[in-house]
Number of protein chains: 2
Amino acid sequence: MSNFEALFDYIQEISGKLLSADDKHLLMEYFKPKKLRKRQYFLQEGDVCKYIGFIVKGSARTFTVDEKGHEHILKLSLENWWLADFESFYLLTPSRFNIEALEDLEVLQSTNAQIEEYLKHIPAFSAMANVISQNYTIANQKRVQAAMSYTAEERYEDLISNYPQFLQRFPQNMIASYLGLSPETLSRLKKNSFK
Amino acid sequence: MSNFEALFDYIQEISGKLLSADDKHLLMEYFKPKKLRKRQYFLQEGDVCKYIGFIVKGSARTFTVDEKGHEHILKLSLENWWLADFESFYLLTPSRFNIEALEDLEVLQSTNAQIEEYLKHIPAFSAMANVISQNYTIANQKRVQAAMSYTAEERYEDLISNYPQFLQRFPQNMIASYLGLSPETLSRLKKNSFK
DNA sequence: ATCTTGAATTGACTTATATCAAGCGCACTT
DNA sequence: AAGTGCGCTTGATATAAGTCAATTCAAGAT
């Protein structure tokens with residue numbers, strides 16, 4: 001049986017509210033543990049993203065493949081993050097993204113309909129959702145700004161200060177793709193910044 | 001007196017719910033009409049963004065100035081859009097952005113504390129907030145992806161299909177900055193796409 | 001222990017975009 | 001009507017980053 005404590009702790013910490021015993025039972029009833037081996041897909045391009053996953057253990061990448069066959073990583077995800085293509089999840093449209101486990105992955109997953117129930121019935125859950133929504137808005141605003149106006153080197157330094165754990169957990173070519181760079185460029189950039 | 005009907009219509013349309021007479025009175029009580037002349041600032045870098053504005057008429061740009069003195073436009077805004085630096089508005093931190101009227105601007109503005117009240121007491125408002133939050137998440141996800149993996153030309157074509165009204169309302173150098181391009185590059189890019 | 005695979009590095013070269021500079025044309029002032 | 005400022009275009013050149021190719025190295029497979 002999977003570790004619901006991680007989810008409970010997360011909800012309580014982010015929301016600043018406590019979960020009742022009933023709340024916890026409700027969460028355990030509809031969040032389903034799911035395990036993926038490294039390289040397995042949580043979501044495939046073209047499918048509707050029916051589930052949102054809370055990462056208990058492991059890591060994943062969200063990426064597209066362009067016409068030239070090049071992969072572009074949009075998001076790298078670790079423990080205590082939510083995993084989904086929100087566009088597809090909210091609108092029920094086929095996803096343009098793939099989500100792949102980069103390490104063996106344990107998630108707790110739920111459907112949109114069940115999330116709606118949690119929002120209605122669990123105050124801590126709904127408070128958490130509001131905080132997350134704010135955080136996402138802020139983080140995305142920053143990321144758009146960085147992508148548009150920073151140089152490659154500035155974006156890399158930004159990553160180091162905001163997500164230092166990425167350097168330990170993800171191979172450098174994944175980091176490069178996440179930053180919108182070729183692996184060669186990131187390699188050279190690191191060498192030069194030692195000066 | 002400013003046009004609250006635009007705000008009422010917007011809330012009802014986005015939320016799919018009706019506003020009661022009481023709801024409308026509450027909104028009129030705490031949303032304050034504010035007019036800015038072209039080139040005036042709704043927000044200055046370094047100030048806390050105390051107000052969120054709903055644009056009734058006019059347009060604005062949200063931009064930063066980098067160390068070299070170059071401006072980077074993060075957002076272009078038109079009628080029926082919300083105007084704020086959400087990071088500063090939510091966290092009450094000094095903003096890194098400027099928001100400037102590009103045309104004479106009429107907004108209805110409110111503080112974070114009042115927005116919280118609306119979320120509690122007006123169901124249509126809170127439903128609207130959820131939809132907007134979803135839309136923002138989706139739009140930002142797309143924009144990040146575009147910035148990272150599209151060429152300048154693809155980003156321009158993306159803009160044409162998503163926001164065709166921008167071409168009518170904003171000068172080309174603003175569009176270029178919004179796309180993360182120099183004005184010269186956008187000019188050349190347009191010429192070449194006529195082939 | 002050897003073989004294979006893929007990541008990281010490095011070098012040479014190409015391409016996209018920025019920068020700098022000049023000129024044009026339109027709109028607003030006076 | 002002439003003058004001024006500003007946005008847009010165009011040309012020449014510089015720079016950042018991408019592409020292609022070769023080499024090294026470490027990790028996993030047999």
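Heavy-atom basis, side chains included; hydrogens, waters and symmetry copies ignored.
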**Message:** Does the plane of the ring in A/Tyr10 sit parallel, tilted or perpendicular to the ring in A/Trp82? Use 30° and 60° as the thresholds.
**Reply:** perpendicular
Provide a list of protein-nucleic acid N or O atom pairs under 3.5 angstrom, restricted to nucleotides 25-30 of chain C.
none

**Request:** Could you encode protein contacts along nucleotides 4-19 of chain C as a string, one character per nucleotide from 5' to 3', using B for base contact, S for sugar-phosphate-only contact and - for no contact, with a heavy-atom cut-off of under 4.0 Å?
**Result:** ---SSSBBB----SSB
**Prompt:** Which distance, rounded to the nearest 0.5 Å, do you find between the CZ of A/Phe86 and the OG of A/Ser133?
**Reply:** 10.0 Å
**Request:** Grab the two heavy atoms, one from B/Tyr30 and one from B/Ser110, that are nearest each other, plus how far apart they are.
**Result:** O-OG, 3.8 Å
**Request:** Could you grab the distance from atom CD1 of B/Ile73 to atom CZ of B/Phe97, nearest 0.5 Å is fine?
**Result:** 12.5 Å
**Item:** Spatial distance of atom OG1 (A/Thr62) from atom CD (B/Gln141) [nearest 0.5 Å]
**Value:** 8.0 Å
**Asked** Aromatic rings A/Phe125 and A/Phe31: how do their planes relate, parallel, tilted or perpendicular, breaks at 30° and 60°?
**Response** tilted
**Request:** Calculate, to the nearest 0.5 Å, the distance between atoms CG and CG belonging to B/Leu105 and B/Leu36 respectively.
**Result:** 5.5 Å
**Message:** Does the structure place the NZ or CZ of A/Arg143 under 6.0 Å from the centre of the six-membered ring of A/Tyr163, at an angle of no more than 45° from the ring's axis?
**Reply:** no
Give each protein N/O atom lying under 3.5 Å from an N/O atom of nucleotides 24-30 of chain D, with the pair distance.
none

**Asked** Between the side chains of B/Asn98 and B/Glu71, does any donor sit under 3.5 Å from an acceptor?
**Response** no
**Request:** Consider only side-chain N and O atoms of A/Ser20 and A/Asp23, and report whether a donor and an acceptor are under 3.5 Å apart.
**Result:** yes
